[in-house]
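What follows is a single structure, written as C-alpha cells, with notes after it.
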Amino acid sequence: MPAACAALCAALGSVLLAARPSAALADTRPVRHVVIVGISGLRWTFATPATTPTLWQLANAGSAGSLVDYAQQPVACPDDGWLTLNGGARAEGPRPCAALPPVLSDGTGARIPEMPGIIRYNEQFHESPDWGLLGSLAGCVTAAGPGAALAVAGPSGNVARYLPSASQLTAAVLARCPLTVVDLGALSFPERASAFAADQQLTRIVANLPADTMLLVTAPGAALGGQPHLRSVVVSGPGFGDGLLRAASTRQPGIVTLTDLTPSVARWLGHPVPPGLSGSQLTRGDRGSLAAAVRVLIGRDTAEQVWISTHGWFFTAYGVAAAALLTVPALLFWGSDAERTRRRARWWRTAGVLAAAVPVGTFLANLVPWWLHTHPAVWLYAMAAGWTLVVAAAALAGPWRRQSLGPLGALCLCTLAVLGIDVMTGSRLQLEVPFGLSLLEGGRFYGIGNEALGVYCVSTLVAAAWLGLLATRRFPGRREAPVLAVGLVGLCAVVASGWPGFGAKVGGTIALVPCVLLLMAWLAGVQLRWRWAVPVAASGLVLFFVFALISYFFPATGVSDMGTFAGNLLHGRGGDLLERKVSSNVGTLTVTVFSWLIPVVAVAAAAALWRPAALRLRLLAGAFAAEPLVRVVAWLVWLVLVIGWFADDSGVIVPAAALPFAVPLVISMAASVSGAVGGARYFSTAFAGSSVAGQTPR
C-alpha cells in the first residue's frame, strides 16, 4: 500500500476504533412483570425535561435510544408498529393510513374482526410474522387501548383481557398479568402539548407499577400523516440502569429497531425466542449524561433528514458532473492529431481521478459530526467536496503519478481501505452520507451500503490489478507474485464485506469472489475453459452459504441477516425470504422513471468493451491493444456490477449508483495507457518478456 494511503488508513482506523463504544449485556434474568407503553410518533425532539418529565426521569435512570420504526415502508403507521410487535416481523396495516382497526369488546376480552384480513394482506410481503407471538409470551396478558389489542391479538383477532382505555389501569390490573400492553395514542399537532398529555398518563402508570417490572416506553409507528423519523425508546428495569440501548441487529450505539422489541420481551419473561426472528435482544451500553446522549440521538435523526432530502439530488448532480468532465475535454480538444489526442487523454485522466475520488470524499466527511452544526447539509457537502479535492490531488501528485495506472490504482486502494476499515469498526463513516447507509429509508445499519457496493467492488478489482502490475515489475518472471498480490487484496475485501461480524453483505460476497478468481487466473496465465464456468460463477454463492452457516451456528462471530437466512432455510422457511429478496430486486426497476435505462446501459457497455474498434471507440481500442490488462479489468468491472445487480436485493441501484464512478474510471485508465500522458505509454513496454502484461487477453 502506498505510504500516504497507509498513513491515512492507520489514522482513520485509530479514530474509528477509539470511537467505538463498549457494550455490556443487560441482566437477562426473567422479571415478574413487563409493561409496554406505546406513544406513536414520539421523538426525542418533543421529549424534554419540561414537556415529558416522567419519561425524562425514566430515561435518566434507565436506558434510552432511538427506534427505527421501519415496517414495510419508511413511514410506519401506528397499526404497522403494533402489528410488527404482534408477530415479531415487519408487518403493515391496509393503506392508506387510517384509524386503527375497530376493537369490539366481548366480556372481559375483545375481538378485532379485521385481523384475518390483515393477515391475508401481509402475505404479499413474505415476512412470515408469527401472528399472536407477543400475546403468547405469557399465560396472562392485558391490553389497554386499541393499539395494544392489535399487538396481542391472536390470528383470529381474539384478545383475552382488554380495557378500552389506559385510564382504566390500576395497580391491581397492572399486577394481574406478567405482560401488560398499553396504547396511549398518537401524538397530534402541536406535538409538544400532545407529548405532555401522554406523559401525564404515563405518570399515573409508573406510579402504579408493581415491583420487579421491566417498563418499555416506545413509539410503535408515526402519528397519522407523519414523516420518517427516528423515534424515542426507553427501557427501565433490572439491568438497564443509566445506559444507552444497543442491539446486535443494528450494531449502532443507541439505535434499535421495531423488530428487536418482541424478542426482548420474550427474553425478559423467560420465554425462549423463536428461531428465525429478524430482530435481536436489546442490550445496554455505557453513556454519559442523558442530555448529551439525547443531543447525539437528535443529531442522528437530523442526519437522516439530510439524507432523505438531498440523496436523490446528489446522485443527479454527480452523474451530470461526471458526464461533463468527460464531455468537455472531448469538445475542447476535438480532433485526431497527436497534440489534441495527448491533451484530451491528459484531461480525461485528471477528470477520471476527480470523479472517482467523490465516494471516498463523502465517507471522510463523516470524520466531523456535521449533523450537530447549523445548516448540516452545507457542512456535509462542503466537507465532501474538500476531501474529494484533497484525495484527488494526492492521487495525481503522489510518487505513483508516473505510472499510467498509478493515480487510479492508489485512489481505488485508498477507497477500498477506507471502506474496509470502516466496515470492520462499525460502519460509522457510511452513516447518512450519499453513498452510505440510511437507517430510515434503506433499513441497513452496518456493512457496505447499497449505493457503495458497486464502488467497493470496482475499487477492489482496480486496486488489485494495479498491485498485481507492481508485483510483476518488482518480481519479473514470477507469475505467483501478481497472483498473490491480487489474492491478498481480494481476500481482505471479501472478508471485510462478507464476514458475519463485519459487513455480512450478501451481494458483495457473491459478486466479488468470482471476479477476483478470474483476475488471478488471467495473471497466472491460466486459460479457463467452459467446464470451469459454473464452479467459478458459483464460488461466491458457496462462500456466502459458508458465512451464513457460521453466523447461524456461531452467533458470537456476528448476528446478521445471513444467519437469519440460514436459520429460515434450515427450518423450511427460506422460500419466503428468497421471494422477498427477488421481489425487492425486480421492484428496483421501477424506483424511478430512469431505472429501465440500466439494462440498456449494461448492454451498450458490453458492446463497447467487446468491439470498441467496430464502434469507432478509438480510445478503448488503443488502450486494450497497449495494455491487455486494462481490457480484463474493464470487463471485470462490468461483470461485478452485473452480478451485484442480480445478487443484491438493491437490484439496479448497485450499477446505477456506481456508473458515475466506474465509467470515468475506465475511460481514465484507457486514456492513461493509450493516449500517453507526457508522451509515454508506460505499461505497453514496461512488462515485456515474461510479464503477463503483453499476453493476449483471454
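- At distances below 3.5 Å, not a single donor-acceptor pair connects side-chain atoms of Ser40 with backbone N or O atoms of Ala222.
- Residues Arg246 and Gln252 have side chains that never bring a donor and an acceptor to within less than 3.5 angstrom of each other.
- Judged by distance alone, with hydrogens and angles left aside, the side-chain atoms of Trp371 form no donor-acceptor pair with the main-chain N or O of Asn366 at under 3.5 Å.
- Atoms CD1 and CG, from Ile112 and Asn158 in turn, are 9.5 Å apart once rounded to the nearest 0.5 Å.
- The number of heavy atoms from other shown groups lying within 6.0 Å of CZ (Arg295) does not exceed 12.
- Side-chain polar atoms of Gln72 and Arg90 form no donor-acceptor pair below 3.5 angstrom.
- No hydrogens or angles considered: nothing links the side chains of Asp422 and Ser427 as a donor-acceptor pair under 3.5 Å.
- The side-chain tip of Arg192 does not point at the ring of Phe46 from less than 6.0 angstrom away and within 45° of straight on.
- In this structure, the side chains of Thr250 and Val68 stay at 4.5 Å or more apart for every pair of heavy atoms.
- Note that CZ of Phe315 is 10.0 Å distant from OG1 of Thr310, once rounded to the nearest 0.5 Å.
- For the pair Ser249 (side chain) and Gly279 (backbone), a donor-acceptor distance under 3.5 Å is absent.
- For Asp69, the salt bridge (charged side-chain N to carboxylate O under 4.0 Å, His left out) partners are Arg231, not counting sequence neighbours.
- Not a single donor-acceptor pair under 3.5 Å links the side chain of Thr259 to the backbone N or O of Ser278.
- In this structure, Asp80 contributes its side chain and Gly93 its backbone to a donor-acceptor pair below 3.5 Å.
- Between Leu169 and Val182 the shortest side-chain heavy-atom distance falls below 4.5 Å.
- Remark: side-chain polar atoms of Gln305 are paired, donor with acceptor, to backbone N or O of Pro228 under 3.5 angstrom.
- With rounding to the nearest 0.5 Å, the separation of CG in Leu215 from OG in Ser236 is 6.0 Å.
- How far CG of Asn60 is from CG of Leu55: 11.0 Å, rounded to the nearest 0.5 Å.
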- [ ] Show your reasoning for whether side chain to side chain contact (heavy atoms under 4.5 Å, CB included) applies to Ile653 and Glu451.
- [x] CA-CA 6 Å; Ile653 294 175; Glu451 283 85 355; 4.1 Å; yes

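- Ala59 and Ala64 make their closest contact through CB-CB, 4.1 Å (heavy atoms, listed as atom of the first residue, atom of the second, distance).
- Considering only heavy atoms from C-beta on, Val433 stays 4.5 Å or farther from Trp307 through its side chain.
- For the pair Trp268 (side chain) and Val34 (backbone), a donor-acceptor distance under 3.5 Å is absent.
- Remark: the backbone N or O of Asn122 is not paired with any side-chain donor or acceptor of Glu92 at under 3.5 angstrom.
- Heavy-atom neighbours of Tyr121 OH from other residues, nucleotides or ligands within 6.0 Å: above the threshold of 12.
- Within the 3.5 Å criterion, the main-chain N or O of Gly254 finds no donor-acceptor partner in the side chain of Arg287.
- Between Arg428 and Gly426, the closest heavy-atom pair is NH1-O, 2.6 Å.
- Of the possible donor and acceptor atoms, one in the side chain of Asn86 sits under 3.5 Å from a partner among the backbone N and O of Ala153.
- The shortest side-chain heavy-atom distance between Val159 and Val103 does not fall under the 4.5 Å cut-off.
- Sorted by first and then second residue, the side-chain hydrogen bond (donor to acceptor under 3.5 Å, both in side chains) pairs involving residues 200-222 (not counting sequence neighbours) are Thr54-Thr203.
- Taking 4.5 Å as the limit, every side-chain heavy atom of Val141 sits out of range of all side-chain heavy atoms of Thr180.
- At a threshold of 4.5 Å between non-hydrogen side-chain atoms, the residues Leu439 and Leu431 count as touching.
- Between Arg43 and Glu191 there is no salt bridge, since no side-chain nitrogen of the basic residue lies less than 4.0 Å from a carboxylate oxygen of the acidic one.
- Counting heavy atoms from C-beta on, the side chains of Ser66 and Asp301 never come closer than 4.5 Å.
- Looking at Leu179 and Ile36, their side chains come closer than 4.5 Å, going by heavy atoms from C-beta outward.
- Under 3.5 Å, the side chains of His311 and Glu441 contain no donor-acceptor pair of N or O atoms.
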Give the table of side-chain donor-acceptor pairs shorter than 3.5 Å for residues 142-150, with sequence neighbours excluded, one pair per line with atom names and distance.
none

